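Computation of the quantities below employed the complete heavy-atom set of this structure, encompassing side-chain atoms and omitting hydrogens, waters and symmetry-equivalent molecules. Each chain gets a letter, A, B and so on, in the order the sequences are listed, and its residues count up from 1. Everything numeric in this text was worked out from a predicted model, so none of it was measured.
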Amino acid sequence: MKSKPTALKTLDIVSLILLAVATYLALVFAPTERVMGDVQRVFYFHVATAWVGLLGFVAAGVSGVIYLKTQNLKWDLVEQAAVEISLVFFFITIVLGSIWARPIWNTWWTWDPRLTSASIVELIYLAYLMLRQGIEDPDRRARFGAVYTLVGAVSVPITFISIRLFRSIHPILDSGQNAGAGETMGLTGDMKIAFFFALFAFTVIFIDLFWNRIRLGQLQQKVEQLKLKVME
Amino acid sequence: MKENKEKRSGNYLRAIGAVAWKDLAAELRSKELLSAMLVFALLVIFIFNFSLELDAKTRNSVTSGVLWATFAFAGTLGLNRSMAIEKDRGCLDGLLLAPVDRSAIYFGKAISNLTFMLIVEAIVLPVYSLLYNTNLFQPGLILVILLGSVGYTAVGTLLSAMSVQTRTRDVMLPILLFPIILPVIIAAVRASGGYLQNLPFDQILPWLNLLIVYDVIFTAIAFMVFDYVVEE
Amino acid sequence: MIKVRKLVKRFGLKTVLKGMDFSVEDGEFVALIGPNGAGKTTFLRILASLARPSMGTVSVAGYNLPQEAADVRRRLGVVSHQPLLYVDLTAAENLKFYGGMYNLQNLPTRIDEVLEMIGLSNRRNDLVRTYSRGMQQRLAIGRAVLHDPNVILFDEPYTGLDQDASAMLDDVLRTVAARGRTVVMTSHDLARTEDLATRFDVLSRGKIAASATHKDFGSGNLLTFYKNVLEEGKAQ
């Protein structure tokens with residue numbers, strides 16, 4: 001069995017270093033926000049993880065379409081990897097968002113369009129995983145998975161729009177505070193560095209995880225192939 | 001060439017009609033599906049009645065929510081049953097053996113599912129009006145119910161074709177369907193509420209537009225991917 | 001009528017059909033026999049255009065699968081161990097429905113003909129729910145020949161039938177085959193198969209292991225032939 005390619009090993013290490021630097025920038029380097037205080041530092045990772053979640057969401061939808069066109073199981077693997085990564089990172093986003101919201105808005109949860117859409121994506125992913133679990137035939141599992149990610153990829157933006165519309169027509173009292181973090185917060189120079197570095201670092205981490213997960217899937221397939229050979 | 005095309009489209013329409021006719025004829029005889037949906041819908045309304053205390057004051061604002069929650073829950077029952085009839089006796093194979101495009105089967109099933117849904121809604125509305133002494137027979141509301149039901153069955157028919165082919169099919173449909181159908185529910189609840197509270201039309205219009213867009217997009221997607229859901 | 005070259009069918013990583021060659025001439029009645037799990041049903045589903053071949057070429061009635069599936073379907077009838085009927089419709093309504101799916105002209109007369117042939121004219125307006133298993137299976141055959149196909153596939157048509165019902169089914173099968181149609185049938189009932197078919201192919205381990213006609217049996221019968229083939233396979 002092939003050992004891990006050197007490029008991937010290097011990327012693993014680079015990702016770790018980038019994560020460490022991003023953490024330093026967010027927690028130490030960036031100045032403390034005047035109004036919100038230290039809890040604002042959550043913001044850097046909150047946005048960066050959401051970004052990774054979004055990358056995974058788009059990647060899953062695209063590989064789903066490619067799978068339906070090519071019927072090549074390789075793309076099913078890519079799709080599944082993207083879904084799993086996106087699931088984990090959106091979850092972190094939501095948790096960080098809650099940690100932030102508690103002291104600032106005095107509530108663990110707000111029905112903000114972005115946060116709500118992210119949690120609906122999570123529900124779609126959970127449904128996706130349950131759907132796959134209920135199907136034995138790998139080809140059918142892949143086809144149904146691809147169809148469902150495609151349907152999800154189209155419906156989530158519409159959901160986002162409808163939640164937006166829902167709130168703009170029926171504004172709630174603290175809407176001024178509730179508007180997204182990025183808009184209300186003026187980022188100073190050092191904050192910007194921490195912010196964009198976190199985005200960059202997490203993009204690299206996304207690629208690294210994606211690569212590792214796809215490789216894991218390929219190894220899994222190989223093991224199953226060998227098992228079948230032994231049984232015959 | 002042209003004649004051939006005409007012949008083929010006649011063939012296509014006749015197949016859609018045959019599938020829908022077959023479902024309706026069988027259902028008119030057994031009434032299994034409609035009676036289950038209806039009883040369930042009435043039970044849901046009763047549960048809402050006691051859990052929300054639908055008194056005169058609160059009723060106006062929650063009526064549309066109660067109605068759509070009822071339709072959505074009762075709808076999954078009908079969708080599940082309608083597809084299970086095809087799957088259980090292998091009739092799906094019989095449909096697939098016919099020399100017509102698979103999407104004709106989809107449209108046939110979608111039409112019969114929509115009809116069942118509209119029949120249930122046509123009975124629930126007067127019952128609700130009677131129970132709570134309000135008049136729900138407004139042309140605007142009926143338009144919303146029609147648009148919402150089209151979107152619901154367009155996605156529901158596609159997803160029920162997937163869910164009946166899984167091991168966990170009894171529980172799978174609502175889990176797959178609800179996160180995808182959320183925009184329809186939001187828009188339909190808002191638009192119905194708007195009509196019931198006599199809001200000006202320009203506040204209702206965005207929701208009607210959203211429903212129409214959703215209906216068109218998802219009918220098109222289901223038309224394109226239904227092949228992948230039923231073929232091996 | 002049917003030509004199959006180097007057919008491979010995989011389900012995920014598992015290979016069910018392994019480069020199978022198979023052909024049937026016009027008007028032949030071929031019985032496909034083999035142990036459970038040899039891939040008989042999978043193979044018939046590919047011929048019926050219900051499953052796609054992973055590799056190899058398949059042509060039925062002069063059309064290639066899966067590219068020209070609609071042309072094949074128009075000329076093909078299938079009877080499986082499930083009757084593919086709607087129990088809340090009557091026999092006539094079931095046929096009317098399938099006639100619509102095949103876009104048949106003069107449907108009412110054709111339905112009368114078919115019901116006559118399968119001997120269900122007097123029960124045409126009864127719900128299929130009230131039919132016995134044998135009657136359902138006969139109606140299933142009626143459904144399969146409604147559009148007068150050139151090729152008919154039978155997948156274990158005797159499953160769940162008692163002696164009387166099987167004997168009646170024999171008659172219907174003979175009538176169907178006598179019209180110059182090409183038939184491929186899988187069955188575990190070797191005695192009945194031996195009387196009906198003109199050629200016998202053994203499917204084992206994803207390939208046709210042997211092929212024979214009545215002449216080749218010599219003093220033995222289909223059962224001895226089948227046993228020999230399987231033992232040779234094991235010896236290899």
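- Of residues 218-230 of chain B, those residues with a non-hydrogen atom less than 4.5 Å from any non-hydrogen atom of chain A are, in numerical order, B/Phe218, B/Ile221, B/Val225, B/Tyr228, B/Val229.
- Between B/Pro183 and A/Ser155 the shortest heavy-atom distance is CG-O, 4.1 Å.
- Annotation: residues 67-78 of chain A contacts chain B through A/Leu68, A/Lys69, A/Gln71 [non-hydrogen atoms, separation under 4.5 Å].
- When heavy atoms are compared at a cutoff of 4.5 Å, B/Leu176 approaches chain A by way of both its backbone and its side chain.
- Heavy-atom neighbours of B/Arg169 CZ from other residues, nucleotides or ligands within 6.0 Å: above the threshold of 12.
- For chain B, the nearby part of A/Val147 is the side chain; its heavy atoms alone come within less than 4.5 Å.
- Options A/Ile124, A/Val151, A/Leu150 differ in how many heavy-atom pairs under 4.5 Å they form with chain B, and the most are formed by A/Val151.
- For chain B, the option among A/Asp139, A/Leu131, A/Leu123 with the highest count of heavy-atom pairs below 4.5 Å is A/Leu131.
- Taking B/Ile186, B/Thr168, B/Leu158, B/Val155 one by one and counting their heavy-atom pairs under 4.5 Å with chain A, the maximum is reached by B/Ile186.
- Contact of B/Ile217 with chain A is made through the side chain alone, with heavy-atom distances under 4.5 Å.
- Side-chain contact between A/Ile135 and B/Gln165 is absent, with no heavy atoms from C-beta onward closer than 4.5 Å.
- Residue-environment remark: CD (A/Gln133) stays at or below the threshold of 12 foreign heavy atoms within 6.0 Å.
- In this structure, the portion of A/Ile161 lying under 4.5 Å from any heavy atom of chain B is its side chain and not its backbone.
- Contacts of residues 93-102 of chain B with chain A at a heavy-atom distance below 4.5 Å are absent; not one residue qualifies.
- Summarising the local packing, CH2 of A/Trp211 is surrounded by more than 12 heavy atoms from other residues, nucleotides or ligands at distances under 6.0 Å.
- With a threshold of 4.5 angstrom between heavy atoms, A/Glu136 approaches chain B through side-chain atoms but not through N, CA, C or O.
- Residues of residues 104-114 of chain B never come closer than 4.5 Å to chain A when only heavy atoms are counted.
- Of the listed residues A/Gly134, A/Ala146, A/Gly152, the one with more heavy-atom pairs under 4.5 angstrom with chain B than any other is A/Gly134.
- In this structure, B/Pro179 and A/Ile120 approach most closely via the heavy-atom pair O-CG2, 4.0 Å.
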Working for side-chain contact (heavy atoms from CB on, under 4.5 Å), residues A/Tyr148 and B/Ile180: CA-CA 9 Å; A/Tyr148 196 62; B/Ile180 304 293; 3.7 Å; yes
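- For B/Ile181, no part lies near chain A; criterion is any non-hydrogen pair under 4.5 Å.
- B/Met162 touches chain A through backbone and side chain together, each having a heavy atom under 4.5 Å away.
- The environment of CZ in A/Phe91 is sparse: at most 12 heavy-atom neighbours from other residues, nucleotides or ligands sit within 6.0 Å.
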